[in-house]
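Below: one structure, written as structure tokens.
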Amino acid sequence: MISAFFIFNQKGEVLISRLYRPDVRRSISDVFRIQVISSSDVRSPIITLGSTSFFHVRINNLYLVAVTKNNANAALVFEFCYRVISICKSYFGKVDEESVKNNFVLIYELIDEINDFGYPQNSEIDTLKTYITTESIVSSQIAAEESSKITTQATGATSWRRGDVKYKKNEAFVDVVETVNLSMSAKGTVLRADVDGHIQMRAYLSGTPECKFGLNDKLVIDKSERGAIDAVELDDCRFHQCVRLNEFDSTRTISFVPPDGEFELMTYRATTNVKLPLRVIATVNEIGTTQVSYVLVVKTNFGNKLSATNVVLRIPTPLNTTSVDCKVQNGKAKYVPEENVVVWKVPRVQGGQELSFTATAHLTSTTHRQVWARPPIDVDFQVLMFTSSGLIVRFLKVFEKSNYHSIKWVRYLTKASGSYQIRF
Amino acid sequence: MSGPGQDAKFFTRGKIQEFRAELQAAETKDKKFVKRKTVLKKIVANITMGNDMSPLFTDVVQCLGTPLLEIKKMVYLFLVYYGRAKADQIHLVIPSFLQDCNDRNPLIRALAIRTMSYIPIPVVIDSLTEQLRHHLKDRDPYVRKTAAICVAKLYVADPRKAERGGFVEMLRDLMVDSNATVVANAVAALSEIGDRQDGVIFKLNLTVANKLITALGESSEWGQIYILDSLMRYVPETNADAELMGERVVQQLQHANSAVVLTTIKLLLYLMNYMESRKLIDYICKKMGPPLVTLLSSGPEVQYVALRNILLIIQRRPAVLKNDVKVFFCKYNDPIYVKLAKLEIMYRLASEDNVKEVLAELEEYASEVDIDFVRKAVRSIGRLAIKVEGTADACISSLLGLIETKVTYVVQEAIIVIKDIFRRYPGKYEGIIPTLCENLDALDEPEAKASMVWIIGQFADRIDNADELMDDLTYNFLEEPAEVQLALVTAAVKLFIYKSTSESVKTLVHKILKWTTEDIDNPDLRDRGFMYWRLLAVNPAVAGEIVLAEKPAITTDSDRMDRGALDQLLLHTGTLGSIYHKNPETFIRGAAGKALVDTPALNGHSRQVLVPLQRERPPTGPVVVAGPGPIEPGAASKPPPPLPAESGNLLDGDGEEESVHEDDETEEDSGLQKGAVAAGAADPYASLDNAFGGYIADGPQPLGSAHREDEDLLF
């Protein structure tokens with residue numbers, strides 16, 4: 001189990017240091033600083049020296065580090081680090097050096113609560129917020145009954161929800177967000193295309209609502225079973241802990257009592273019939289040793305009522321590029337020498353439209369000619385009201401004993417960021 | 001909720017006297033305790049920065065009188081830090097602790113026992129043990145779940161006291177508590193105690209195991225992990241028991257927490273050893289694949305954990321992911337550790353059906369920037385040629401293309417694998433030897449050079465100018481690394497056997513053997529030199545038969561890990577052991593080993609290959625090793641540097657009775673193996689590194705015994 005937890009800044013200064021078990025001392029942090037932070041070449045998130053292992057996760061120039069002395073459950077340790085990050089985000093927005101320093105007392109309080117002797121404990125944000133606050137609490141004034149409510153919730157079967165939630169207007173928002181990953185070869189064949197879907201829910205519902213949720217999915221256990229034509233094949237889904245897994249397993253219904261506020265209801269993965277919102281056709285030629293010519297055509301692949309926004313293409317150039325002449329009809333293209341790419345930004349493209357880009361990169365002649373690795377072109381974009389997998393929310397039903405009326409909203413978004421790659 | 005904190009200003013180094021004065025000043029006039037709060041925050045910040053604040057012990061303890069919860073928590077944090085060091089003054093806080101232990105508020109009660117149990121000194125432990133008995137039966141579940149962990153802490157501080165006090169039995173009672181969180185923590189505490197070498201044995205029977213599974217549904221995600229983990233302590237007596245349990249936990253694979261998923265997989269893989277129904281086993285395998293692939297959408301760290309585990313799982317249960325090679329293709333921006341782990345899986349999943357795509361990917365990787373990654377990609381192309389016969393032509397032409405790039409490390413890596421391809425397909429690709437010879441000058445790494453020398457020697461009859469090439473290569477004979485020297489000696493003898501009539505060859509062989517036997521101190525080399533010399537002197541014809549005897553064919557059979565060892569390693573799925581592919585007792589001091597328990601339900605094959613638990617463990621006392629100081633950065637994952645000669649390496653190639661796959665791999669692994677042997681003589685798997693077809697050589701490794709020293713300094 002976790003023996004110690006630290007947060008370091010980029011210089012290796014300790015911002016948070018908590019020892020959970022007597023088998024380590026604070027000086028263990030020096031070892032991490034020497035081994036990882038000062039090292040130029042760290043090639044693993046886990047480093048084991050003798051019997052001591054350091055697990056680290058980086059965020060905004062911070063290192064979150066868990067130290068273990070036993071054969072720890074590696075997935076659990078990283079999930080714990082991720083959880084600390086998400087709790088901090090929820091308490092004070094961003095997680096960086098400044099915010100950690102500004103809230104260090106609160107962080108100590110939190111990590112004392114969510115981990116006992118190295119064993120992660122209840123870390124549901126909604127519950128934590130009921131008794132760990134930034135307000136001053138006079139200990140004698142907390143009514144024992146109030147505390148009992150908190151403790152029952154923190155240890156209960158629905159540890160993620162308070163019982164006494166009330167809203168004037170009962171609303172539930174469902175956001176289906178799909179990240180589409182693409183790797184396309186230079187010849188235009190799709191090497192891999194898959195969708196990571198997240199269904200985010202914001203539930204503002206009174207009481208203890210019982211929700212049922214339906215999708216047009218056909219969970220494919222065996223690829224040979226063919227589903228109905230309008231059904232989407234999901235390779236896998238994972239659910240928030242509020243979803244009753246046994247019911248899903250037996251009847252495929254997603255039923256749950258939601259936490260109050262925002263949470264991630266489910267994540268899923270789809271690999272069949274992935275619709276690619278943008279097609280990029282790239283022709284890149286090296287002319288002698290001094291020039292590279294680019295011709296790019298981007299085609300949208302969705303209805304003309306929809307549009308892709310924030311389209312950003314990052315087009316790699318050789319390391320010895322001196323300047324690039326770009327010609328575009330839409331948006332703006334600019335050569336960024338620090339990153340060896342041309343960044344082409346297009347704020348909006350309608351369905352059915354086509355974009356084109358032509359450019360010539362001028363190279364300095366080098367004596368030592370190394371082959372250009374040709375990293376892939378990376379495309380980022382967002383398309384509202386479109387899902388690459390074809391997934392649709394069929395229904396969301398809310399049952400509550402007071403039988404109130406609730407309003408539900410559904411939005412769809414497909415995006416790519418950093419993993420929509422076209423080789424050339 | 002008030003706005004974000006503004007505490008950064010407290011992060012400045014302060015002096016003990018100043019803080020003491022400020023605390024004393026706050027005692028008289030302190031509206032709403034703001035002053036005390038401020039000083040305490042400064043003190044906590046200074047503790048964080050590593051300043052010793054222990055002299056303030058008595059002053060800080062005074063603050064416990066204030067009714068503010070925030071202040072209490074900061075004082076308790078201070079006590080957790082310095083309580084142990086201030087055993088003589090700790091009695092000052094005991095009354096306050098005891099008062100909190102009996103507070104009406106369950107949160108305060110839990111806070112008190114939690115903090116007390118963090119201070120493992122006799123005074124505190126004594127007063128805690130009296131209280132803890134009540135808290136384990138507290139009517140509030142939050143207090144009970146905290147008390148359960150307190151027992152684990154107590155056990156670490158004083159095992160015999162905990163046993164005498166009957167706390168272990170009380171924990172057992174909590175296993176059937178009405179509250180799932182309490183159950184989970186009790187199980188976690190019992191598991192920890194059970195894993196200790198001096199601990200109370202913790203096993204589960206069917207009744208309790210079933211109750212635990214029932215609690216699973218109501219547990220928090222962490223609680224589920226502790227419960228699933230503890231179910232590994234249940235040993236099924238009948239196939240039906242194992243099958244029923246498997247069916248009941250399989251739904252947990254759908255959980256959002258990756259640790260729940262991996263722990264469920266660990267349990268399922270374990271139970272499958274005791275199952276009979278082929279249908280159910282196939283069903284479970286099918287169910288496990290998608291969640292494993294989904295883990296690749298998590299953060300890179302969890303991806304890495306998943307990939308290292310997948311590599312193990314697909315060796316034991318290939319059905320889990322047999323059609324999924326594409327999802328393991330590297331993204332350009334994957335972190336390097338993810339890429340390297342994916343590459344191994346791609347190679348392992350490659351088959352006649354998908355080899356085209358895999359090869360195209362590998363070619364793509366061979367032009368990337370990271371040297372390690374490129375090397376491994378090139379090596380994988382060669383190994384693919386050996387593994388999948390139908391693709392050998394394509395692989396060879398791809399390797400030739402790579403050699404044309406003239407990038408030195410690519411060329412060298414290619415030549416190393418081509419040597420093995422020649423062995424695998426004799427008489428098929430020797431036509432490319434001239435191309436290889438053109439790159440002689442590019443070779444500066446011993447392994448590559450030795451491989452090239454082997455090729456020249458072996459095929460000296462087809463290389464017209466072999467004698468000239470050899471003459472060039474031996475120019476610096478005495479300065480070469482031993483690995484290359486050994487190769488040169490053997491190659492020279494082969495050349496002589498092919499071309500015994502040539503005067504220049506005679507001179508060359510004579511010169512080399514003379515150097516080897518007279519000027520070189522390395523006993524391996526000298527011995528080999530003498531052996532050849534006598535062989536040639538006594539009967540050159542027989543020498544030819546021996547040196548150029550037919551070589552056993554090279555295969556990739558050795559890629560797969562031994563089944564029994566694999567079964568045992570999979571009991572550690574998701575843990576550090578699964579990252580390094582080593583049983584934890586071989587690299588972590590005091591770690592508990594695991595082995596399948598033989599019952600009538602254990603399936604026949606698993607029983608046959610069962611590896612019993614090794615009793616020996618690494619030394620538990622301080623280990624004194626005259627080791628090197630700081631560890632080389634990144635040493636954990638770099639491929640081993642070109643190694644000094646592993647004796648026998650070339651001899652194998654010359655037809656000695658050694659099995660071929662060893663030849664194939666020792667050259668990569670010898671350094672690691674030596675390390676592994678040193679790390680734990682008790683390591684029954686030291687030789688298993690080989691089982692990964694040389695890949696493990698580049699795999700992540702815990703840094704072994706040489707570094708125990710710095711660890712012990714820290715301890």
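Model, not experiment: these values are computed from the prediction. Letters A, B, ... mirror the listed sequences (proteins, then strands); counts begin at 1. What's counted below: heavy atoms across the whole structure, side chains too, no hydrogens, waters or symmetry copies.
Looking at B/Lys153, the atoms closer than 4.5 Å to chain A (heavy atoms on both sides) sit in the backbone and in the side chain alike. Looking at B/Tyr332, the atoms closer than 4.5 Å to chain A (heavy atoms on both sides) sit in the backbone and in the side chain alike. Proximity to chain A (any heavy atom under 4.5 Å) is shown, for B/Ala110, by neither the backbone nor the side chain. Of the atoms belonging to B/Tyr226, it is side-chain heavy atoms, and not backbone ones, that fall under 4.5 Å from chain A. Contacts of B/Val260 with chain A are absent, with no heavy-atom separation under 4.5 Å from either backbone or side chain.
A/Asn71 and B/Thr575 form a side-chain donor-acceptor contact under 3.5 Å, judged by distance and modelled atom types alone. Neither side chain, A/Tyr82 nor B/Ser298, offers a donor N or O lying under 3.5 Å from an acceptor on the other.
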CA sep, side-chain torsions, deciding dist, call: B/Thr263, A/Asn73, side-chain hydrogen bond (donor to acceptor under 3.5 Å, both in side chains): CA-CA 8 Å; B/Thr263 312; A/Asn73 185 328; 3.3 Å; yes
Check the pair A/Arg58 / B/Glu301 against salt bridge (charged side-chain N to carboxylate O under 4.0 Å, His left out), numbers first and verdict last. CA-CA 10 Å; A/Arg58 296 195 64 174; B/Glu301 295 83 8; over 6 Å; no
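A salt bridge links A/Arg423 with B/Glu361: the distance from a Lys NZ or Arg NE/NH1/NH2 to an Asp or Glu carboxylate oxygen falls below 4.0 Å. Taking the charged nitrogens against the carboxylate oxygens, B/Lys326 and A/Asp194 have no contact shorter than 4.0 Å, which rules out a salt bridge. Comment: A/Arg374 does not engage B/Glu364 in a salt bridge, judged by the lack of any side-chain N to carboxylate O separation of less than 4.0 angstrom. Ion pairing of B/Lys145 with A/Asp116 is absent here, as no side-chain N (NZ or NE/NH1/NH2) approaches a carboxylate O to less than 4.0 Å. Electrostatic pairing of B/Lys287 and A/Asp249 counts as a salt bridge here, judged by a charged N lying under 4.0 Å from a carboxylate O.
Each of A/Arg269, A/Arg238, A/His198 was evaluated against B/Ser297; a single residue qualifies, A/Arg269, per the side-chain contact (heavy atoms from CB on, under 4.5 Å) test.
Both tests hold for A/Arg18 against B/Tyr118: distance to the six-membered ring centre under 6.0 Å, angle to the ring axis within 45°.
Considering only residues two or more places apart in sequence or on other chains, A/Phe55 meets the ring-ring contact (aromatic ring centres under 6.0 Å, His included) condition with A/Phe78.
Side chain of B/Asp140 to backbone of A/Thr151: no donor-acceptor contact under 3.5 angstrom is found.
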